Colleague: 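Got a structure for you, questions after.
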Protein chains: 2
Amino acid sequence: MGRKAEISQEELIAGLSRVFRDAGYEGASLSLLEAATGLKKASLYHRFPKGKEQMANEVLESAQQWLEEQVLRPLHGSAPPKARIDAMVKRLDQFYSGGKQACLLNMLSSSRIHEGPFSKSIRKMFEAWVDALSAVARDAGADAKTAQWKSQRVIMLLQGSLVYSRGIGSTQPFRRFLKSIPSELLPSEGVAAS
Amino acid sequence: MGRKAEISQEELIAGLSRVFRDAGYEGASLSLLEAATGLKKASLYHRFPKGKEQMANEVLESAQQWLEEQVLRPLHGSAPPKARIDAMVKRLDQFYSGGKQACLLNMLSSSRIHEGPFSKSIRKMFEAWVDALSAVARDAGADAKTAQWKSQRVIMLLQGSLVYSRGIGSTQPFRRFLKSIPSELLPSEGVAAS
DNA sequence: GTCTATAGGAAGATAGAC
DNA sequence: GTCTATCTTCCTATAGAC
């Protein structure tokens, strides 16, 4: 076991993640992954024997873990709805670098690799996220159906604002969306829960 | 000049478009493009001497033309706001095959090809679309700022609903979004314009 | 655990027959 | 205008030295 400046597992995944997020699965060539991690192809294969697909899978798992710990857990907490939402907004702003970084769930859901080895994880993440948001909306007084609907809208607006921001070359739509999240999920003025 | 069952320019572009829309730029290999069009690589190069990038460009131009003729023109028309919106909804449903087909503006805006030969077209299409929607919202009584805001939301929801639909493997979010467009753009009950 | 070197194949692109 | 055949480059993946 060598010592020296071996790259940490965390930094490694972070580097790979950056590439997958802005090039997509097919666009993420081993050369780009080399450049982003500072590791040579052969070294990447040492850590990920099953190659690029395994790299993408571990990046996705890492994102899943981040989502659960940093977003879903706070959302399911017992703080007031507004506080839970504010916590999520803060994390999202960091995670997407204020709108400059794309979402893995978008970038990995096309990959023509036999209809998708990532599909299942992606679907589960979307569903868990919507569920967590629904819980907040219900706690804020919405009925189940309304809560679900509002939550799906927030997820769609998140994805859409990232696509739109990238498309027009400005992070403004994403940042505006972040600020609008509370009003998307919480009841409008004067509507109190029972 | 041979006769026979030569593929029409329209069908050709349609075939290429399908591939770019569900595989993205990097994922759209010449083999896939061959399969989708029935033309061999060399024949594709005969029609598109600059190769794949030109194919993507012409597909994008064709989408732009579709957008202008089928969506922007009706939106800028003189029919009642609700009718103009309904016309757009109908076209969108066809164009995205009820949510089964992705949007070029999303799928082509990552391509790592020197920061994007498509960026300019994509930005212009987004902007033109938002402008057209804004015109409708203003005609329905919204002030300029509100109209712009609502229009951007519709575009984000469109993109987001497609991403989300693909992610969870169901077209339901897209179809629900389509039905919600009028209420997104038009003033809510009882709020009359001056 | 990381590297250089290279195998093996698929990708984008071209030449030239028909 | 379309094809088969070929070229070159890039990609994924492996072998083996250190």
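Every chain is numbered from 1, with letters handed out A, B, ... down the list of sequences. What you see is a predicted model, and the numbers here were worked out from it, not measured in a lab.
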Colleague: Roughly, in whole Å, what's the span from CZ in A:Phe48 to P in C:dT2?
Modeller: 11 Å
Colleague: In whole angstrom, give the distance that lies between atom CD of A:Glu34 and atom C1' of C:dT2.
Modeller: 12 Å
Colleague: Please state how far atom NE2 in B:His46 lies from atom P in C:dT14, giving the value in whole angstrom units.
Modeller: 14 Å
Colleague: Can you list everything that forms a side-chain contact (heavy atoms from CB on, under 4.5 Å) with A:Gln101? Sequence neighbours excluded, please.
Modeller: A:Arg18, A:Arg21, A:Ser97
Colleague: How would you list all residue pairs meeting salt bridge (charged side-chain N to carboxylate O under 4.0 Å, His left out) that involve residues 117-136 of chain B, not counting sequence neighbours?
Modeller: none
Colleague: Figure out the NZ/P separation between B:Lys40 and C:dA11, and round it to whole Å.
Modeller: 14 Å
Colleague: What residues form a ring-ring contact (aromatic ring centres under 6.0 Å, His included) with A:Phe126, not counting sequence neighbours?
Modeller: B:Tyr164
Colleague: Taking atom P of C:dT14 as reference, at what distance in whole Å does atom CZ of B:Arg47 sit?
Modeller: 18 Å
Colleague: Could you note down all residue pairs passing salt bridge (charged side-chain N to carboxylate O under 4.0 Å, His left out) where residues 71-98 of chain B supplies at least one of them, sequence neighbours left out?
Modeller: B:Lys82-B:Asp86, B:Arg84-B:Asp139
Colleague: Check whether any side-chain nitrogen or oxygen of B:Ser43 sits under 4.0 Å from OP1 or OP2 of D:dG1, and answer yes or no.
Modeller: no
Colleague: Taking only residues two or more places apart in sequence, or in another chain, which ones meet A:Ala147 in a side-chain contact (heavy atoms from CB on, under 4.5 Å)?
Modeller: A:Ser134, A:Ala137, A:Arg138, A:Ala142
Colleague: Under 3.5 Å, which protein N or O atoms sit close to an N or O of nucleotides 12-17 of chain D? Give each pair with its distance.
Modeller:
unit_1 : atom_1 : unit_2  : atom_2 : d
D:dT12 : OP1    : A:Lys52 : NZ     : 2.9
D:dT12 : OP2    : A:Leu30 : N      : 2.5
D:dA13 : OP2    : A:Tyr45 : OH     : 2.4
D:dA13 : OP2    : A:Lys52 : N      : 3.3
D:dA13 : O5'    : A:Tyr45 : OH     : 2.7

Colleague: Round to the nearest Å and state the distance from A:Leu33 atom CG to D:dC10 atom P.
Modeller: 17 Å
Colleague: When the distance from CG of B:Leu44 to C1' of C:dA11 is rounded to whole Å, what number comes out?
Modeller: 14 Å
Colleague: Take A:Gln65 and A:Glu61 through the side chain to side chain donor-acceptor pair (under 3.5 Å) test and state the conclusion after the steps.
Modeller: CA-CA 6 Å; A:Gln65 196 180 355; A:Glu61 276 172 32; over 6 Å; no
